[in-house]
Amino acid sequence: MARKSLLDLYKMKEKGEKIAWLTSYDYPTAQFGQAAGLDMILVGDSLGMCVYGYNGTVPVTMEQCLIHTEAVRRGAPDVYLVGDMPFLSYQTSDADAVLNAGLFLKRADVDAVKLEGGVRVAGRIKAISEAGIVVVGHIGLTPQSSGQLGGHRAQGRTAEAAKATLEDALAVEKAGARLLLVEAVPPEVTAIIHKALTIPVLSIGAGPDCDGQLLIVSDLIGQFQAFTPKFVKKYANVAEVVTKAIKSYVQEVKSGKFPGPEHSYDMLPGEEEKLRKLLGGPVKKAAKKAPK
Ligand code: KIV
């Protein structure tokens with residue numbers, strides 16, 4: 001299979017075929033995602049919460065993002081891969097933004113990079129795009145600036161705020177972004193944005209009236225435990241399955257049921273006998289001693 005391209009995504013938009021997008025942070029999940037038919041994968045800075053147990057995305061570094069993005073690309077060579085620019089990798093200057101965006105291409109072979117913000121980051125989007133790198137805009141709820149937004153809250157819920165969200169969307173497209181992600185915005189607002197823009201518009205918690213959907217894999221599979229946003233649909237309960245499996249292992253180790261003979265390696269024929277002779281008699285079991 002050939003790798004999905006930006007052109008493929010634009011063709012899907014034209015045909016009204018929805019784009020399925022999911023985050024992934026590691027090699028096996030990326031393999032599963034590609035096998036399951038994902039069109040796009042985002043190695044989100046949400047890895048800070050989903051993988052490292054941070055309270056938010058602000059502590060996440062470029063190096064962490066790059067290492068996880070490299071692993072995901074190895075697992076999903078054919079999926080359209082988006083690297084997520086972490087906090088302080090693009091806020092400081094156009095030069096930093098271009099350099100860090102470029103590192104995602106050089107090291108992790110991504111197809112695009114995503115950065116948060118609308119009007120206020122239009123200059124950065126322009127600089128990265130002019131360096132020949134595909135940019136995915138991200139507006140609405142932008143977790144890296146959730147402090148300014150008053151927490152992880154839905155955005156664009158008043159007429160004024162909805163107008164500002166539309167202005168963000170228009171600014172992102174004008175600056176050169178080739179895809180737009182809208183997060184936690186009422187569906188009516190997303191529908192207006194979708195109509196106003198020519199680039200594909202994707203939603204995470206922003207309703208169905210656009211070109212595709214994104215979810216966080218740790219939410220979708222029921223792995224992330226701290227909280228569940230309203231827009232999440234859980235398709236599995238991995239936390240329950242994994243905890244149950246580990247519990248069974250603990251019980252079997254303690255009861256001596258595991259490992260069974262089928263989990264051990266046999267000595268080669270005749271070798272046990274030879275060993276006994278070498279050792280000068282039957283092998284005695286070591287006496288049990290409590291640690292001091
Ligand atoms: O980091 C991430 O996974 C994201 C999503 C919340 C959109 O940016």
Side-chain angles (χ1 to χ4, degrees), residues 4-23 37-42 44 79-82 84-85 111-130 133-146 148-149 152-216 220 229-233:
K4 196 138 276 180
S5 69
L6 186 65
L7 189 63
D8 293 325
L9 300 175
Y10 273 65
K11 278 187 191 154
M12 289 174 77
K13 175 181 173 70
E14 210 174 286
K15 286 194 253 167
E17 194 185 323
K18 297 280 187 183
I19 298 167
W21 191 14
L22 188 66
T23 68
L38 283 176
D39 300 301
M40 295 174 69
I41 290 181
L42 169 70
V79 173
Y80 194 87
L81 183 62
V82 182
D84 203 11
M85 298 195 68
D111 300 293
V113 296
K114 175 174 85 57
L115 55 115
E116 297 184 5
V119 173
R120 70 187 163 84
V121 297
R124 298 286 187 269
I125 294 174
K126 189 165 183 286
I128 299 170
S129 301
E130 283 176 355
I133 299 168
V134 177
V135 175
V136 181
H138 177 174
I139 61 165
L141 170 56
T142 46
Q144 287 172 17
S145 45
S146 60
Q148 279 184 338
L149 302 175
H152 286 82
R153 306 155 62 101
Q155 301 295 304
R157 299 181 77 187
T158 64
E160 278 298 312
K163 185 166 170 276
T165 308
L166 174 62
E167 282 161 7
D168 276 338
L170 292 167
V172 164
E173 181 175 77
K174 190 163 173 231
R178 308 299 299 275
L179 297 157
L180 175 68
L181 174 67
V182 184
E183 177 167 356
V185 156
E188 302 89 316
V189 181
T190 308
I192 292 169
I193 291 170
H194 183 228
K195 225 171 170 184
L197 265 53
T198 58
I199 61 175
V201 175
L202 294 113
S203 147
I204 176 162
D209 294 326
C210 57
D211 302 302
Q213 296 294 321
L214 169 68
L215 273 183
I216 298 217
L220 178 149
K230 182 177 183 207
F231 56 76
V232 166
K233 180 168 177 184

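- Residues A175 and A122 come closest through the heavy atom pair CB-O, 3.3 Å.
- Atom NZ of K126 has 12 or fewer heavy atoms from other residues, nucleotides or ligands within 6.0 Å.
- Under the 3.5 Å distance criterion, the side-chain polar atoms of S5 are matched with a main-chain donor or acceptor of D8.
- Between S145 and R120, the closest heavy-atom pair is OG-NH2, 3.3 Å.
- Within the 4.5 Å cutoff, side-chain heavy atoms of L115 are placed close to those of I128.
- Residues G176 and S129 share a closest heavy-atom pair of O-OG, 3.4 Å.
- A side chain to side chain donor-acceptor pair (under 3.5 Å) check over residues 179-190, counting only residues at least two apart or in different chains, returns the pairs H138-E183.
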request  = I would like to know whether I216 and V232 meet side chain to side chain contact (heavy atoms under 4.5 Å, CB included); could you show each step before the answer?
outcome  = CA-CA 8 Å; I216 298 217; V232 166; over 6 Å; no
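- Counting only heavy atoms from C-beta outward, the side chains of W21 and L9 never approach each other to under 4.5 Å.
- Taken from CE in M12 to CG in L7, the straight-line distance is 12.0 Å, to the nearest 0.5 Å.
- Donor-acceptor pairing under 3.5 Å is lacking for the side chains of D168 and T165.
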request  = Kindly determine whether H194 and D211 satisfy side chain to side chain contact (heavy atoms under 4.5 Å, CB included), including the steps that lead there.
outcome  = CA-CA 8 Å; H194 183 228; D211 302 302; 2.9 Å; yes
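- Residue L179 is tested with K114, E173, K13, M40 for a side chain to side chain contact (heavy atoms under 4.5 Å, CB included); the sole match is M40.
- Side-chain contact between V189 and V182 is absent, with no heavy-atom pair separated by less than 4.5 Å.
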inquiry  = Applying side chain to side chain contact (heavy atoms under 4.5 Å, CB included) to L170 and L197, what does each step give before you reach the verdict?
reply    = CA-CA 7 Å; L170 292 167; L197 265 53; 3.7 Å; yes
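- Sequence neighbours left out, the pairs with a member in residues 155-165 that pass salt bridge (charged side-chain N to carboxylate O under 4.0 Å, His left out) are K163-E167.
- The line from CD1 of I204 to CG of L181 is 6.5 Å long, rounded to the nearest 0.5 Å.
- Within the 3.5 Å criterion, the main-chain N or O of P208 finds a donor-acceptor partner in the side chain of K18.
- With hydrogens and angles disregarded, a donor-acceptor distance shorter than 3.5 Å links the side chain of Q213 to the backbone of G207.
- Judged by distance alone, with hydrogens and angles left aside, the side-chain atoms of Q144 form a donor-acceptor pair with the main-chain N or O of M85 at under 3.5 Å.
- A distance of 7.0 Å separates CD1 in I192 from CG in L166, rounded to the nearest 0.5 Å.
- To the nearest 0.5 Å, atoms OG1 (T23) and CD1 (I41) are separated by 9.0 Å.
- The shortest heavy-atom contact between S203 and C210 is CB-SG, 3.5 Å.
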Chi angles and distances behind the side chain to side chain contact (heavy atoms under 4.5 Å, CB included) call for D39, E17 = CA-CA 11 Å; D39 300 301; E17 194 185 323; 5.5 Å; no
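- Side-chain contact between V135 and I125 is present, with heavy atoms from C-beta onward closer than 4.5 Å.
- Under the rule for a side chain to side chain contact (heavy atoms under 4.5 Å, CB included), the partners of D111 that lie at least two apart in sequence or sit in another chain are R3, R73, Y80, L81.
- Across all their heavy atoms, G140 and V185 have their closest contact at CA-CG2, 3.7 Å.
- A177 and G137 make their closest contact through CB-N, 4.1 Å (heavy atoms, listed as atom of the first residue, atom of the second, distance).
- To the nearest 0.5 Å, the span separating CD on Q155 from OG1 on T142 amounts to 7.0 Å.
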